Engineer: 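First the structure, then my questions, so here it is.
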Amino acid sequence: MARADPAGYAGAVLDVTAMIPPGKVLTYGDIAELLACGGPRQVGRALSLAARDVPWWRVLRAGGRPAQGLAREARSRYDDEGTALAVPADPVDEDDYRVVLAEARWWPSPAQQDALARLGASVSRPAP
DNA sequence: AGGATGACATTAC
DNA sequence: GGTAATGCCATCC
């Protein structure tokens with residue numbers, strides 16, 4: 001293997017997602033960058049396999065929009081946490097909204113980055 | 001072994 | 001400013 005254990009990588013992604021503070025969000029690419037392993041699609045897949053006990057709504061795409069189908073459920077969380085939302089003047093649907101990444105994007109502290117980096121390295125190289 | 005899929009990113013219009 | 005098309009990486013059939 002030496003590439004990445006599915007459960008290990010998923011665990012790392014879930015750990016990052018769980019450490020994101022309320023009102024803040026991260027993109028799939030950012031998590032992949034923090035783990036320094038895999039790509040944005042792998043992060044999304046890991047979250048899809050994750051249980052609902054993790055704040056998956058704090059992880060969204062580069063366009064500032066969560067996964068389709070979960071937008072309605074995620075909107076309640078944003079409203080509850082006070083996340084910066086951008087809603088058009090005439091929304092066609094409840095899912096027609098956007099998160100202001102410029103205001104809601106969160107970046108971990110250097111110590112957090114280091115922890116995440118070695119965590120990603122740990123899962124990327126489970127050691128023989 | 002090879003091709004298709006997926007909770008995406010980036011670039012171009 | 002947002003939408004459309006193309007590419008990337010890893011896993012599953």
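These numbers were taken from a predicted model, which means no experiment stands behind them. So that the names make sense, note that chain A is the first sequence line, chain B the second, and so on, each numbered from 1.
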Engineer: Applying a strict under-4.5 Å side-chain criterion to I, L, V, M, F, W and Y, I'd like to know whether A/I31 and A/L49 cluster together.
Structural biologist: no
Engineer: Rounded to the Å, how far apart are A/Y9 OH and C/dC9 P?
Structural biologist: 12 Å
Engineer: Let me have the donor-acceptor pairs involving side chains of residues 63-78 of chain A, under 3.5 Å, with sequence neighbours excluded, atom names and distances please.
Structural biologist:
residue: A/R75; atom: NH1; partner: A/E94; partner atom: OE1; Å: 3.2
residue: A/Y78; atom: OH; partner: A/W57; partner atom: O; Å: 2.4

Engineer: Show the atom names and distances, to 0.1 Å, of all donor-acceptor pairs under 3.5 Å that link a side chain in residues 16-26 of chain A to residues at least two apart or in another chain.
Structural biologist:
residue: A/T17; atom: OG1; partner: A/V13; partner atom: O; Å: 2.8
residue: A/K24; atom: NZ; partner: A/E103; partner atom: O; Å: 3.0

Engineer: B/dA7 P sits how many Å from A/R65 CZ, rounded?
Structural biologist: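 These atoms are roughly 15 Å apart.
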Engineer: Please identify each residue that fulfils side-chain contact (heavy atoms from CB on, under 4.5 Å) with A/P91, with sequence neighbours left out.
Structural biologist: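 For A/P91 the side-chain contact (heavy atoms from CB on, under 4.5 Å) partners, ignoring immediate neighbours, are A/V87, A/P88, A/D96.
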Engineer: Might you point out which heavy atoms bring A/L101 and A/A62 nearest each other, and give the distance in Å?
Structural biologist: CD1-O, 3.1 Å
Engineer: Which atom names give the shortest non-hydrogen contact between A/L47 and A/Y28, and what distance separates them?
Structural biologist: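 For A/L47 versus A/Y28, the nearest heavy atoms are CD1-CE2, 3.8 Å.
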Engineer: Ignoring the backbone of A/A62, work out which of B/dA7, B/dT10, C/dC9 is nearest its side chain.
Structural biologist: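 Out of B/dA7, B/dT10, C/dC9, the nucleotide with an atom closest to A/A62's side chain is B/dT10.
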Engineer: With a 4.0 Å heavy-atom cut-off, tell me which residues in residues 78-89 of chain A come close to DNA chain B, sorted by residue number.
Structural biologist: none
Engineer: For A/R98, what residues pass the salt bridge (charged side-chain N to carboxylate O under 4.0 Å, His left out) criterion, not counting sequence neighbours?
Structural biologist: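 Not a single residue meets the salt bridge (charged side-chain N to carboxylate O under 4.0 Å, His left out) criterion with A/R98.
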Engineer: Taking atom C1' of B/dG6 as reference, at what distance in whole Å does atom CG of A/L70 sit?
Structural biologist: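 That distance rounds to 14 Å.
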Engineer: Which atom pair, heavy atoms only, marks the closest approach of A/C37 to A/Y9?
Structural biologist: O-OH, 3.0 Å
Engineer: Which of residues 16-36 of chain A have a heavy atom under 4.0 Å from DNA chain B?
Structural biologist: A/T27, A/Y28, A/G29
Engineer: Could you tell me whether A/R61 contacts a base, only the sugar-phosphate backbone, or nothing, with contacts defined as non-hydrogen atoms closer than 4.0 Å?
Structural biologist: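 If one applies the 4.0 Å heavy-atom cut-off, A/R61 turns out to touch the sugar-phosphate alone, with no base involved.
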Engineer: How many whole angstroms separate atom CG of A/L47 from atom P of B/dA7?
Structural biologist: 11 Å
Engineer: Quick test of your reading: applying salt bridge (charged side-chain N to carboxylate O under 4.0 Å, His left out), list the pairs with at least one residue in residues 80-89 of chain A, sequence neighbours left out, ordered by first then second residue.
Structural biologist: A/R58-A/E81
Engineer: For A/T27, check side-chain hydrogen bond (donor to acceptor under 3.5 Å, both in side chains) against everything at least two apart and list the hits.
Structural biologist: A/D30
Engineer: Which side-chain N or O atoms in residues 112-120 of chain A pair as donor and acceptor under 3.5 Å with protein atoms at least two apart or in another chain?
Structural biologist:
residue: A/Q113; atom: NE2; partner: A/P108; partner atom: O; Å: 3.2

Engineer: Which residues within residues 90-107 of chain A lie with some heavy atom under 4.0 Å of an atom in DNA chain B?
Structural biologist: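 Nucleic-acid contacts, sorted: none.
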Engineer: Between atom CZ in A/R45 and atom P in C/dC8, what is the gap in whole Å?
Structural biologist: 19 Å
Engineer: Within this structure, what is the CZ-to-P distance between A/R58 and B/dA7, rounded to whole angstrom?
Structural biologist: 22 Å
